[in-house]
Amino acid sequence: MANESACRKAACFIGLAQLFRTSIIRNATCHYLIAEFTAKLPAMRYSRFFAPTLRDDPADAEVISHKLLLRAGFIRRVTSGVYDFLPMGLRVLRKIEGIVREEMARAGAQELLLPMVQPSELWKKSGRWEKYGNELLRFKDRHAHESCLGPTHEEVICDLVSRELRSYKQLPMNLYQIQSKFRDEVRPRFGLMRGREFVMKDAYSFHADEESLQEEYDNMFATYQRIFTRLGLKFRAVEADTGSIGGNQSHEFHVLAESGEDLIAYCSHCDYAANVEKGISTRTIPSFDDAALHEIETPNVSSVEDVASFLKIDPSQLIKTLVYQVTGGEFDGQTVAACVYGDDSLQEIKLARALAANDVELADDAALLAIGGIKGFVGPQGLSCKILVDESLRDAVGMVAGGNNADSHVSGLSISRDIENADFVDLREVRLNDGCAHCSEGHIEHARGIEVGQVFALGQQYTKPLEVLFQDQNGKRATATMGCYGIGVSRLVAAVIEQCNDENGMIWPLSLAPFQVAIITMGKSETAMNASEKLYDDMCKQGIEVLWDDRKERPGVKFKDAELMGLPIHVVIGDRGLDADAIEIRQRTGSKQDVALSAVIDTIHGILAGAN
RNA sequence: CGGGGCGUAGCGCAGCCUGGUAGCGCAUCUGGUUUGGGACCAGAGGGUCGGGUGUUCGAAUCACCCCGCCCCGACCA
């Protein structure tokens, strides 16, 4: 396997995946492959370029990336959560895809393309036709055949692999695609950040055993770190809930940004980080004197703060009891109660997971009454329903809780003595300044994050129902083990902008910029136009991605647009600079220098080289 | 799906309360003057006022219904 064409052939055959990855990809000789993904994008004259910029912020854009993408002519909205990518936006998308492809290739994964339209049969087989919910856009074709638009591709890839996989010798393999997904989101928002249709890189790996899966999980984890590092992002990998996709291990990759929709808890000392949906921490356990159960009058005081101040006690002496209606799982349709310390918050995702439910929702007053509770004065004692209690409360004594009577609470409550059949589980949401459960030295801090990637060790959740089988070393039939790995490619466009912008617009790193260079021609003198055109041609020949602003616009307009679009290098050509043979080269990050016209291209090459 | 808001020219908005047949800024087109930071003058084009029904002599304006969009909560890349 010494020559490149042989490598390519090998890459074409699923059956040779093993050979391909071990002997070629993880070997330095594969660099030819990487060059293919960094193809240059064509240079353009602005006068012929379709990039309609807007002076004002569109009224319906909220976050900075959405505003700038619209204003700079990168995207336009078609309908809720669905966008056109204009040439500018597409160029950035392509750059990101290129980096993703290079790193996926380096990691030994192979690209393919799966269909967006998928038959209901596969989804029924995996059980998700019922489970996936309204995000799955279902429809019927002309033959009344039920289909859906792919929100993800586990079913389809398992179907494909199950047909072709025979022997353990074909494993492991990692197949990926970069493709549009459709999820009929309840609430699309923030432009590319949360669309209904979006571009995703999704990879699926198949393995003969757990060890192999773990190895690939680690490989993908490292690959993701490389990708997000190359994209120039401040990011953090965090432990994640496995959610509806299921499985046993998962990490999310979050770009840290104010506008992030997720809350990340991380340790100030060690490298522990987790989504608050699943994060754990230690709290100081307050201690109170054990006492006899005693009913106390609390007229019209029901919130934790009110009860605490009314009784002149600390909120941590209270037990907060919340009653939920469960959807899905063993407790489907039932009402359950959940208790945490008065100064803690209950994390609903943890509760849902503890119940193996799809969803939990605060119960209404009627459901509350039905289990013997009353709004505002609910306590764990004597409720006729399942009661879940946070671990931290296991040994609590001398507590105050709702009395399940109007205007009444009880004091002296002891969990172990007074609450029968309580299940102890982790329910509390990690709080700022909690102790770290992993290193005991640090404390918990919070950050907001935009989830741009997630890796899952799925196990056999899909391979079993979809019968991805192979023959193992012993000649026995075995079920493959699976991992899946997603990156929100179009979301990354927005995420990068969230991190890289100023009051004038976007600031693209050279590796992602739609154009590396803008030539800004000032005035309309023939010398300026001629010098610009010559420079433009020379740059084109040398493979520099350049946008020549040859429009008949005033200087201010051109500067504003180049800045708005965030092009990294601006070359200003005007009579003034030409006369003095001092051409101004500005970088979007702020620096400026004047160089002789003849030195412009070398200077740019220098800047481009310095960036990589 | 719950809660809030919006829909008038390509974009941003006024007009609506108190009905009388649509206006401002930017953008666009023509001509001219300008040209190193979103120019100026003159002229021009462009709107079934989201849709429907109703009230009325008359509806952008009032009422009802529908549709679309945005924001806040639960889902996810």
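In what follows, every chain begins at residue 1, and chains take the letters A, B, ... in the order their sequences are listed. The figures here come from the full heavy-atom set of this structure, side chains too, leaving out hydrogens, waters and symmetry mates.
Taking the six-membered ring for Trp, A/Tyr83 and A/Phe198 have ring centres at least 6.0 Å apart. Centroid-to-centroid, the aromatic rings of A/Trp123 and A/Tyr132 come within less than 6.0 Å. The aromatic ring centres of A/Phe235 and A/His254 sit 6.0 Å or more apart.
Nucleotides B/G45 and B/A9 are separated by 11 Å at their C1' atoms, to the nearest Å. Remark: the separation of the P atoms in B/U8 and B/G47 is 15 Å, to the nearest Å. Going from the C1' atom of B/A60 to that of B/G7 covers 11 Å, rounded to whole Å. Annotation: B/G46 and B/U35 have their C1' atoms spaced 29 Å apart (nearest Å). Rounded to a whole angstrom, the distance from the C1' atom of B/A63 to that of B/C17 is 15 Å.
Taking the six-membered ring for Trp and thresholds of 30 and 60 degrees, A/Phe221 and A/Phe253 have ring planes inclined between 30 and 60 degrees apart.
The residue A/Gly191 sits apart from the nucleic acid: no heavy atom pair falls under 4.0 Å. A/Arg71 comes within 4.0 angstrom of a base, heavy atoms only. Counting non-hydrogen atoms under 4.0 angstrom, A/Gln179 reaches nothing in the nucleic acid. Within 4.0 Å of A/Asp262, counting heavy atoms only, lies at least one base atom of the nucleic acid. Within 4.0 Å (heavy atoms only), A/Val452 reaches sugar-phosphate atoms of the nucleic acid but no base atom. Within 4.0 Å (heavy atoms only), A/Phe190 reaches sugar-phosphate atoms of the nucleic acid but no base atom. Note on A/Gly453: only backbone sugar-phosphate atoms sit closer than 4.0 angstrom, heavy atoms only; bases stay farther off.
Searching all strands for a Watson-Crick or G-U wobble partner of B/C75 with both distances below 3.5 Å returns nothing. Nucleotide B/C40 is matched to B/G32 when pairs are restricted to Watson-Crick or G-U wobble geometry with both distances under 3.5 angstrom. For B/U61, there is no paired base (Watson-Crick or G-U wobble, both distances below 3.5 Å). Under the Watson-Crick or G-U wobble criterion, with both distances below 3.5 Å, B/G68 is paired with B/C6. With a cut-off of 3.5 Å on both Watson-Crick or G-U wobble distances, the partner of B/A22 is given as none. Base pairing annotation: B/A27 forms no Watson-Crick or G-U wobble pair, as no partner gives both donor-acceptor distances under 3.5 Å.
Under 3.5 Å, the side chain of A/Arg187 and the base of B/C70 form no donor-acceptor pair of N or O atoms. For A/Arg189 against B/C69, a side-chain-to-base donor-acceptor contact under 3.5 Å is absent. Looking at A/Glu584, its side chain comes within 3.5 Å of the base of B/G36 through a donor and an acceptor atom. Donor-acceptor pairing under 3.5 Å, judged by distance alone, is absent between the side chain of A/Arg77 and the base of B/C69.
For the pair A/Ser525 and B/U35, the criterion of a side-chain N or O lying under 4.0 Å from OP1 or OP2 is not met. OP1 or OP2 of B/A39 has at least one side-chain nitrogen or oxygen of A/Arg554 nearer than 4.0 Å.
Of the candidates A/Phe49, A/Phe515, A/Tyr536, A/Tyr46, A/Trp548 forms a ring pair (Phe, Tyr, Trp, His ring centres under 6.0 Å) with just one, namely A/Tyr536.
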Derivation of the side-chain contact (heavy atoms from CB on, under 4.5 Å) call for A/Glu239 and A/Asn275: CA-CA 6 Å; A/Glu239 290 179 13; A/Asn275 196 311; over 6 Å; no
Short heteroatom pairs, N/O only, protein and nucleotides 9-13 of chain B, under 3.5 Å:
unit_1 : atom_1 : unit_2  : atom_2 : d
B/G12  : OP1    : A/Ala59 : N      : 2.9

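A 6.0 Å sphere centred on CD of A/Glu258 holds no more than 12 heavy atoms belonging to other residues, nucleotides or ligands.
Stacking of A/Phe198 onto the six-membered ring of B/A77 is present: less than 5.5 angstrom between centres, less than 30° between planes.
In this structure, the CD atom of A/Glu261 is 10 Å from the C1' atom of B/C75, given to the nearest Å.
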